[in-house]
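Shown next, in structure tokens, is the structure this report addresses.
Read the numbers this way: they start at 1 and go in the same order the structure lists the ligands and their atoms. All residue numbers in this chain count up from 1 along the given sequence. When reading the values below, keep in mind they use all heavy atoms of this one structure, side chains included, and skip hydrogens, waters and symmetry mates.
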Amino acid sequence: MNMDLQIRISRKILRNPLMNASGVLGDSPDSIRLLSTLGFGCIVTKTLTWEPREGYKPPIIIPLKYGLLNAVGLANPGIKAGKELIDAAKEKNIHIAISIGGVNVDDFVRLAEVASDFKPDFIELNLSCPHTPGYGVDAAKTIAAIKNIVKNVTSITSIPIWAKLSFSRSLVNEADAALSNGASAIVLINTIPAMLIDPYVMKPVLTHKWGGLSGPAIHPIAVYAVYKVYEELEAEIIGVGGVESWRDAIEFILAGARGIQIGSALIRCGHNIVREIIDGICKYMAEIGINRLEELVGYAHKR
Ligand SMILES: Cc1cc2nc3c(=O)[nH]c(=O)nc-3n(C[C@H](O)[C@H](O)[C@H](O)COP(=O)(O)O)c2cc1C
């Protein structure tokens, strides 16, 4: 059976639903070119801010049994570098989302204006980084702030906007606020605030003290987030969190995701993981006798 992994997201057809998660590669043209060889259907850039940022001093990424703890501090080359990232993806004929991170609505709007000029396929709003004061969850602290940012950004660009949110008790309301103000998809979830303390040094291990937890530890939380938002809003969703196998990816699709982002696994398992996941998805589809992946989106909700 010939498997059709194509998926429609925000008016575009991707050759498959897999993409890297923002911040794991995607911060230089070479790294975009590398990502384009791994089998992804779309690439996502590192979150770009108005000015370049150096980020925190090491240690910034701690490997754990069950995932990664990171506080990179949004180290990035700044929005101007976005043009060569988009151009590198276009050279390789692969869809690309540019991730932007602002500190308030005006900052998001000016970033979106510049990003739109580069003509990416999608713009992902980082409304959820948990460890960089002023950015992410700080900039999008309230539902009103989310509404305001999304509404103003969507009013100045015709490029589809993805709102990336973190897990919270008000997740469905936050997703609703983004969608009803023009976002075309919701990306769920960012890392979850977490910390480690060294018993002998008697201090937090990360220089920033706390950071974000990613990898297998957060996968079931991310699946729940996708399931819940799909159930309540039937939104276009991109699932992210702890995908390390075809089973993890299929769980997201069945919960309602159309796209799947892979971050920590590129660090923990190596770059071949993307092709292994694609092969696994194809085998699973053959096993259950389905040849169009689209048919499985949200299937876990059917009675
Ligand atoms: C080292 C590292 C850097 C990250 N940087 C960003 C970033 O710049 N922007 C963003 O939206 N998310 C960032 N994230 C979060 C990921 O995009 C993703 O939401 C999270 O890691 C969960 O997916 P995973 O379990 O597959 O890693 C980063 C994660 C890691 C591990």
Any idea which part of [X] is under 4.0 Å from ligand 1, heavy-atom wise: side chain, backbone, both or neither?
X	value
N70	side chain
K164	side chain
I267	neither
N76	neither
N190	both

Find all atoms of ligand 1 within a distance of less than 4.0 Å from any non-hydrogen atom belonging to [X], and give their numbers and elements.
X	result
S264	24 (P), 25 (O), 26 (O), 27 (O)
I61	1 (C)
K46	5 (N), 6 (C), 7 (C), 8 (O)
G242	24 (P), 25 (O), 26 (O)
T47	7 (C), 8 (O), 9 (N), 10 (C), 11 (O)
T191	15 (C), 20 (C), 21 (O)
V240	18 (C), 19 (O), 22 (C), 23 (O)
L74	8 (O)

Determine whether a donor-acceptor pair (N or O, by modelled atom type, separation under 3.5 Å) exists between the side chain of [X] and the backbone of [Y].
X	Y	result
E294	R8	yes
R258	I238	no
N20	V24	yes
S31	G26	yes

Within-cut-off N or O pair, G263 and ligand 1, under 3.5 Å: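 N/O-N/O distance under 3.5 Å: yes.
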Polar proximity ligand 1 side, N126 side, N/O cut 3.5 Å exclusive: yes
Assess the pair H219 and F252: is the distance between their ring centroids shorter than 6.0 Å? yes
Measure centre to centre between the rings of Y227 and H301, then say whether the value is under 6.0 Å.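 Centroid distance Y227-H301: below 6.0 Å, so yes.
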For [X] and [Y], test the side chains for any donor-to-acceptor distance below 3.5 angstrom and give the result as yes or no.
X	Y	value
S99	T45	no
S116	T157	yes
S128	N190	yes
E174	S168	yes
S184	E236	no

Judged by non-hydrogen atoms, does [X] sit under 4.0 Å from ligand 1?
X	value
I189	yes
C129	no
A265	no

